[in-house]
Every structure is written in structure tokens, then in C-alpha cells.
> 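This structure is in C-alpha cells; I'll ask about it shortly.
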Amino acid sequence: MSQIKSYAAHSPTGRLGLFEFDRRSPRPDDVVIEIQYCGVCHSDLHNVRNDWGNAQYPMVPGHEIVGRVLEVGPEVTRFRAGDRVGVGCLVESCRHCKACGKGWEQYCENGATYTYNATDPIDGTRTFGGYSEKVVVAEHFVLKVPDALDLAGAAPLLCAGITTYSPLRHWNVQPGSQVAIVGLGGLGHMGLKLANAMGAEVTLFSRSPDKEADARRLGADHIVISTEPLQMAAVAGRFDLIIDTVPYQHDVNPYVPTLATGGTLVMVGYLGPLEPAFNTGPLVFRRKALAGSLIGGIAETQEMLDFCGQHGIHSDVEVIRIQDINEAYERMLKSDVKYRFVIDMTSLKNSNEETAA
Ligand code: NAP
Ligand code: ZN
Ligand code: ZN
């Protein structure tokens with residue numbers, strides 16, 4: 001076991017602060033990773049604030065991890081010390097159910113193990129995430145970061161990237177597809193870049209007119225202000241696929257008429273009941289679908305990283321120190337981030353010992 005430094009939340013309302021805990025000694029198939037950067041996902045905020053009702057404290061968030069391999073267990077074959085690697089939202093799954101067999105570890109029928117706020121199925125210990133010095137992860141769940149990618153800009157690919165890549169691939173986006181992304185934040189900006197690189201004609205739905213120039217630079221061909229009924233009416237019947245990244249309850253009915261016949265609206269942001277009530281009529285009369293999607297499997301995550309390496313796709317990041325994480329959460333709540341905070345984990349070594357509240 002090794003004692004390491006981290007930043008943890010101790011309650012839904014307190015500030016995150018310095019926390020020390022033990023990481024397990026590496027098992028034969030484990031990779032020990034020195035964390036260099038960790039992205040800040042809106043899910044970190046949902047988890048810390050217990051929006052999903054399953055928070056366990058202390059909680060060390062962070063599931064957009066990149067770094068360098070420090071050591072490997074004797075059964076590890078694909079990695080060695082010094083390799084550039086990543087870890088996303090998953091650190092274990094049963095590996096034998098139907099979903100795991102298809103490479104859909106995120107949908108493991110026996111329960112996938114998340115990188116933090118979960119229980120390790122092998123030793124029963126709690127999992128702690130990437131706002132920390134090191135992580136120990138089974139080889140199967142470790143990704144190779146292509147040399148072409150800058151490490152800080154690659155970190156958000158491990159969650160924001162794969163969460164938008166997976167539905168784009170699943171719904172067969174290709175040149176000529178009409179794709180729309182709802183919400184220009186961490187996931188949204190990756191959705192624009194990836195859909196654009198796949199050859200789709202890309203539209204952003206946003207509440208924020210001031211994001212228009214950025215959206216075009218990030219890969220949007222069109223911007224629709226979702227609060228403007230005339231703009232919404234102008235794109236009626238257009239989209240094969242809409243990916244909705246908005247984190248909070250919102251009215252999704254207005255997006256359905258903008259789907260083409262047979263099109264799909266995929267929810268990846270908000271989890272919970274829809275208000276106002278969802279009207280199924282417009283689905284039925286045009287064979288439209290309302291769907292959900294969760295991150296992506298491990299092989300697909302590697303495919304996405306390789307795709308980003310080939311196309312030079314990074315996240316647009318604002319690099320912060322771990323000491324700035326509480327302010328970063330406040331800014332994320334105001335949609336004041338362009339377009340992902342990434343923590344430079346060397347700042348943890350210089351931590352001036354702010355303790356958790
Ligand atoms: P983010 O960076 O905060 O971006 C969210 C964007 O949604 C904002 O920039 C804003 O864009 C829009 N928005 C925010 N609040 C809104 C509201 N009340 N009504 C309408 N629009 C709003 O968040 P993120 O990191 O991209 O995460 C987005 C959501 O996806 C979170 O709920 C997160 O938990 C979830 N998530 C899901 C998965 C999955 O596997 N399904 C994986 C990762 C994250 P505009 O200013 O352009 O409107
Ligand atoms: Zn995430
Ligand atoms: Zn499984």
C-alpha cells in the first residue's frame with residue numbers, strides 16, 4: 001500500500017481539500033500510474049453535491065486521467081514504465097457477461113466499477129479518482145494515449161470525448177449525416193469536433209448567443225438559439241441524430257420536431273424524470289426515438305483516442321491548479337468554462353495544505 005495525496009469532498013456542501021489515503025499495492029495485472037492531468041467533468045460536480053443520491057464521503061473525484069506508467073505487475077503485457085496512458089470512468093467490470101463480451105463494459109450486467117465513488121469488487125475497498133497523485137488500475141482498463149496528443153488536451157477525451165464519440169458511432173454518423181449537439185460545455189464541444197471530423201453537417205443548439213463564434217471554430221456549421229422559436233422552426237425535420245448534453249432538467253419536447261423521420265434524440269446529460277411531461281406522439285408519427293447513452297467501452301475508448309490522434313483532436317482546456325477546484329466548480333455551474341477545466345496535478349505536490357471542509 002502507498003499513502004498518497006489527493007483532494008476530496010467530505011460533504012455535498014463543503015469545499016474540497018487536501019486528503020491522504022492508501023492506494024492498494026499493485027496486483028499482478030495492475031498498472032501504477034503517476035497522474036499528470038485530470039479533467040473536471042460536470043459529473044464530478046453532480047457526484048460531489050450528491051445530485052444522484054449515492055455519494056459516499058470522503059470522495060476523491062476525477063475520471064479524465066492521463067499520466068505516465070510508474071510500474072507494472074508481472075502479468076501486464078501491453079504497458080511498461082514511462083508509457084503515456086489514460087484512465088476514464090471505468091476501472092473494473094465482470095468481464096464475462098454478454099455486455100462485457102461485446103466490449104460494452106460500461107453496461108456490465110453485473111455492475112461496472114467506476115473510477116471513484118464505487119467499491120472495488122475484488123477487495124471491497126472504495127475507489128478514489130484522479131484528483132490524486134497516483135492511481136492503480138487493472139491493465140484491461142488502461143488506455144494508450146497516442147504520441148500525437150498533448151496530455152492536458154487529451155485528458156477530457158477520457159470522458160467528454162468518449163461520451164460523445166460512442167453515440168456518434170452507434171448511430172452511424174458519416175459524411176452527409178445531419179447531427180446536432182445540445183449545450184456547448186465539455187461534452188458539447190467534443191461532440192462538435194468529433195461529428196465534424198466524421199464528416200457530418202453539424203448544428204449546435206445553445207442558450208448562449210455569445211458562444212456562436214467559438215461554436216463555428218469548434219466545428220459547428222450552424223447555431224440555433226434554443227430559446228428562439230423561429231430559429232427552432234427553421235430546422236424542423238432536419239437531424240438524423242441529436243445528442244443532448246444539458247446537465248439539468250429541461251424541456252426536451254421542442255427538439256423532437258427538429259429530428260428527421262427515423263431520427264434519434266440521445267440523452268447523455270440529464271438523468272431523471274422529464275418535466276414538462278414528454279409527449280410521445282411526435283415520436284410515433286415519424287418513427288423517431290428517444291435514447292440514452294453512457295460513456296463507451298474500453299476498446300471503443302481506445303478507438304476514439306486513436307481517432308483523435310489521427311485527426312489532431314484535443315479538448316480546449318483551461319489548466320488550473322488543484323487549489324482552484326472549488327472556484328472551478330462555481331464557474332462550471334455558470335457555464336463559464338472554455339471548454340474544460342483540467343487540473344495540472346503537479347500542483348498537488350505544492351499544496352499549501354488546504355484541508356477539506
Ligand atoms: P458542462 O461543461 O457544464 O456543460 C453543460 C452545458 O449545458 C453548458 O455549457 C450549457 O451550454 C448547457 N446548460 C447548462 N445548464 C443548462 C440548463 N439549466 N438548461 C439548458 N442548458 C444548460 O457539463 P459537461 O461536463 O459537458 O456534462 C454535461 C452533462 O453530461 C452532465 O450532466 C454530466 O454529468 C453528464 N455526463 C454524462 C455522461 C454519460 O456517460 N452519459 C458522461 C459524462 C458527463 P449552453 O450555454 O450552450 O446552453
Ligand atoms: Zn465525466
Ligand atoms: Zn460484465
Side-chain angles (χ1 to χ4, degrees), residues 38-49 51-52 61-65 88-90 92-116 121 129-130 140 155-167 181-192 204-212 214-215 218 220 223-227 243-252 254-255 266-272 291-298 301 315-318 328-341:
C38 184
V40 179
C41 181
H42 206 109
S43 300
D44 296 347
L45 188 54
H46 285 312
N47 274 310
V48 162
R49 305 216 165 163
D51 288 350
W52 296 325
H63 58 207
E64 293 184 338
I65 297 170
C89 304
L90 301 172
E92 199 46 271
S93 71
C94 84
R95 307 197 201 186
H96 57 72
C97 72
K98 225 189 250 177
C100 285
K102 289 182 167 174
W104 298 345
E105 294 91 345
Q106 75 277 33
Y107 303 122
C108 174
E109 288 156 21
N110 296 304
T113 305
Y114 296 110
T115 305
Y116 67 89
H140 181 81
L157 303 179
L158 276 306
C159 177
I162 186 59
T163 302
T164 46
Y165 183 90
S166 184
I181 305 290
V182 187
L184 184 52
L187 268 57
H189 93 293
M190 289 313 309
L192 296 184
L204 172 71
F205 285 113
S206 175
R207 306 163 302 172
S208 311
D210 57 320
K211 291 182 180 173
E212 173 156 2
D214 277 354
L218 294 165
I223 321 300
V224 173
I225 301 305
S226 50
T227 50
I243 302 177
D244 184 331
T245 75
V246 173
Y248 298 100
Q249 197 175 69
H250 58 291
D251 188 1
V252 301
Y255 297 103
V266 187
M267 304 298 291
V268 297
Y270 171 67
L271 315 178
S293 186
L294 180 68
I295 43 175
I298 296 302
T301 305
S315 172
D316 283 29
V317 302
E318 178 176 337
Y329 281 1
E330 292 307 321
R331 283 183 53 196
M332 190 156 62
L333 273 174
K334 294 185 216 142
S335 301
D336 175 24
V337 46
K338 291 185 171 177
Y339 278 90
R340 197 56 137 192
F341 291 117

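Counting starts at 1 for both ligands and their atoms, following the listed order.
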> Output, in order, the C-alpha distance, side-chain angles, deciding distance and verdict of side chain to side chain contact (heavy atoms under 4.5 Å, CB included) for Arg340 and Leu187.
CA-CA 9 Å; Arg340 197 56 137 192; Leu187 268 57; 3.9 Å; yes

> Do Glu105 side-chain atoms and Gly297 backbone N/O form a donor-acceptor pair below 3.5 Å?
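Answer holds: no.
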
> What protein heavy atom is closest to atom 2 (O) of ligand 1, reported as residue, atom name and distance in Å?
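The closest one turns out to be Gly186 N, 2.9 Å.
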
> Using heavy-atom distances, let me know which of Ser43, Pro247, Gly39 sits nearest atom 5 (C) of ligand 1.
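Among Ser43, Pro247, Gly39, the closest heavy atom to atom 5 (C) of ligand 1 belongs to Pro247.
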
> Do His42 and Tyr248 pair up side chain to side chain, a donor and an acceptor below 3.5 Å, judged on atom types alone?
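Tyr248 and His42 do have a side-chain donor-acceptor pair below 3.5 Å.
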
> So that I can check it, does any N, O or S atom in His63 come closer than 2.8 Å to the Zn ion (ligand 2)?
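Looking at His63, which is the residue asked about, there is an N, O or S atom under 2.8 Å from the Zn ion (ligand 2).
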
> Considering only protein heavy atoms, which is closest to atom 4 (O) of ligand 1, and at what distance to one decimal place?
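Checked against all protein heavy atoms, atom 4 (O) of ligand 1 sits closest to Gly185 CA, 3.3 Å.
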
> Strictly under 4.0 Å, does any heavy atom of His250 approach an atom of ligand 1?
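The answer is no, since His250 has no heavy atom less than 4.0 Å from ligand 1.
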
> Any N or O of Leu294 that comes nearer than 3.5 Å to an N or O of ligand 1?
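Between Leu294 and ligand 1 (N or O atoms, distance only) the closest approach is not under 3.5 Å.
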
> Any chance the side chains of Tyr255 and Asp244 put a donor and an acceptor closer than 3.5 Å?
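Looking only at side-chain atoms, Asp244 and Tyr255 do not form any donor-acceptor pair under 3.5 Å.
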
> Hey, which atoms in ligand 1 end up nearer than 4.0 Å to a heavy atom of Cys41?
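Counting from 1, the qualifying ligand atoms are 43 (C), 44 (C).
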
> Starting from atom 35 (C) of ligand 1, what is the nearest protein heavy atom, named by residue and atom, and what distance separates them?
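Answer for atom 35 (C) of ligand 1: Val268 O, 3.6 Å.
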
> Which ligand 1 atoms, with their elements, are less than 4.0 angstrom from a heavy-atom of Arg340?
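Those atoms are 24 (P), 25 (O).
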
> Dump the intermediate steps for side chain to side chain contact (heavy atoms under 4.5 Å, CB included) on Arg49 and Leu333, then the final yes or no.
CA-CA 12 Å; Arg49 305 216 165 163; Leu333 273 174; 3.1 Å; yes

> What I want to know is whether Lys211 and ligand 1 share at least one N or O pair that is separated by under 3.5 angstrom.
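By distance alone, the answer is yes.
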
> When you measure from the Zn ion (ligand 3) to the N, O or S atoms of Cys94, does any of those distances fall below 2.8 Å?
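Checking Cys94: at least one N, O or S atom is under 2.8 Å.
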
> Please report which non-hydrogen protein atom sits nearest to atom 26 (O) of ligand 1, along with the residue it belongs to and the distance in Å to one decimal place.
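Protein heavy atom with the smallest distance to atom 26 (O) of ligand 1: Leu187 N, 2.8 Å.
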
> Atom SG of Cys100 and atom CD of Gln106: how far apart are they, to the nearest 0.5 Å?
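Answer for the SG-CD pair, Cys100 versus Gln106, is 9.0 Å.
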
> Taking all non-hydrogen atoms of both residues, which atom of Val182 and which atom of Thr245 are closest, and how far apart?
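Between these two residues, the closest heavy atoms are O-OG1, 2.7 Å.
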
> For atom 39 (C) of ligand 1, what's the nearest protein heavy atom and its distance?
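Result: Thr163 CG2, 3.4 Å.
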
> Under 3.5 Å between any N/O of Ser293 and any N/O of ligand 1: does that happen in this structure?
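By distance alone, the answer is yes.
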
> Given the Zn ion (ligand 3) as the apex, I'd like the angle to SG of Cys108 and SG of Cys97, rounded to 10 degrees.
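The angle at the Zn ion (ligand 3) comes to 120°, rounded to the nearest 10°.
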
> Taking only heavy atoms of Thr245, which atoms of ligand 1 are found under 4.0 Å from at least one of them?
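By the 4.0 Å cutoff, the relevant atoms are 28 (C), 29 (C), 30 (O).
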
> To the nearest 0.5 angstrom, please state how far the CD1 atom of Ile181 sits from the OG1 atom of Thr164.
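Result: 6.5 Å between the selected atoms.
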
> Angle between ring planes, Tyr270 versus His250, binned at 30° and 60°: parallel, tilted or perpendicular?
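Ring orientation of Tyr270 relative to His250: perpendicular.
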
> Main chain of Val268, side chain of Ser293: is a donor-acceptor contact present, judged purely on distance under 3.5 Å?
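Checking the backbone N and O of Val268 against the side chain of Ser293, no donor-acceptor pair under 3.5 Å is found.
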
> Short list, please: which atoms of ligand 1 are under 4.0 Å from a heavy atom of Ile295?
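Result: 39 (C), 40 (O).
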
> So does Leu184 get a backbone contact from the side chain of Lys211, meaning a donor-acceptor N/O pair under 3.5 Å?
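Yes, because the side chain of Lys211 sits within donor-acceptor range (under 3.5 Å) of the backbone of Leu184.
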
> Looking only at protein heavy atoms, which one is nearest to atom 10 (C) of ligand 1, and how far off is it?
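Going atom by atom, the protein heavy atom closest to atom 10 (C) of ligand 1 ends up being Arg207 NH2, 3.3 Å.
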
> Measuring from atom CG of Asp214 to atom NE2 of His189, what distance do you get when rounded to the nearest 0.5 angstrom?
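So the gap between those two atoms works out to 10.0 Å.
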
> Quick one: pull up CG in Leu192 and CD1 in Ile223 and give me the separation to the nearest 0.5 Å.
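It is 7.5 Å, given to the nearest 0.5 Å.
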
> With a cut-off of 2.8 Å, does Cys89 put an N/O/S atom close enough to the Zn ion (ligand 2)?
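No, Cys89 does not qualify, because none of its backbone or side-chain N, O or S atoms lies under 2.8 Å.
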
> Calculate, to the nearest 0.5 Å, the distance between atoms SG and CD belonging to Cys159 and Glu64 respectively.
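One gets 5.0 Å once the value is rounded to the nearest 0.5 Å.
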
> Give the atom numbers and elements of ligand 1 that come within less than 4.0 Å of a heavy atom of Ser335.
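Contacts of ligand 1 toward Ser335, numbered from 1: 8 (C), 9 (O), 10 (C), 14 (C).
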
> Using 0.5 Å steps for rounding, measure from the NE2 atom of His46 to the SG atom of Cys41.
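Those atoms lie 8.0 Å apart.
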
> Below 3.5 angstrom, do we get any N/O pair linking Val246 and ligand 1?
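The answer is no, given that Val246 and ligand 1 share no N or O pair closer than 3.5 Å.
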
> Below 3.5 angstrom, do we get any N/O pair linking Ser208 and ligand 1?
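So ligand 1 has an N or O lying under 3.5 Å from an N or O of Ser208.
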
> With a cut-off of 4.0 Å, which atoms of ligand 1 are near a heavy atom of Leu184?
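Result: 9 (O), 11 (O), 45 (P), 47 (O).
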
> Which residue supplies the protein heavy atom nearest to atom 43 (C) of ligand 1, what is that atom called, and how far is it?
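Checking every protein heavy atom, the shortest distance to atom 43 (C) of ligand 1 gives Cys159 SG, 3.2 Å.
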
> Counting from 1, what ligand 1 atoms have a heavy atom of Trp52 closer than 4.0 Å?
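Near Trp52, the atoms of ligand 1 are 34 (O).
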
> Counting each atom of ligand 1 from 1 as listed, which ones have a heavy atom of Gly269 under 4.0 Å away?
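In order of number, 29 (C), 30 (O), 32 (O), 35 (C).
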
> For atom 1 (P) of ligand 1, which protein heavy atom lies nearest, and how many Å away is it?
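Checked against all protein heavy atoms, atom 1 (P) of ligand 1 sits closest to His42 ND1, 3.6 Å.
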
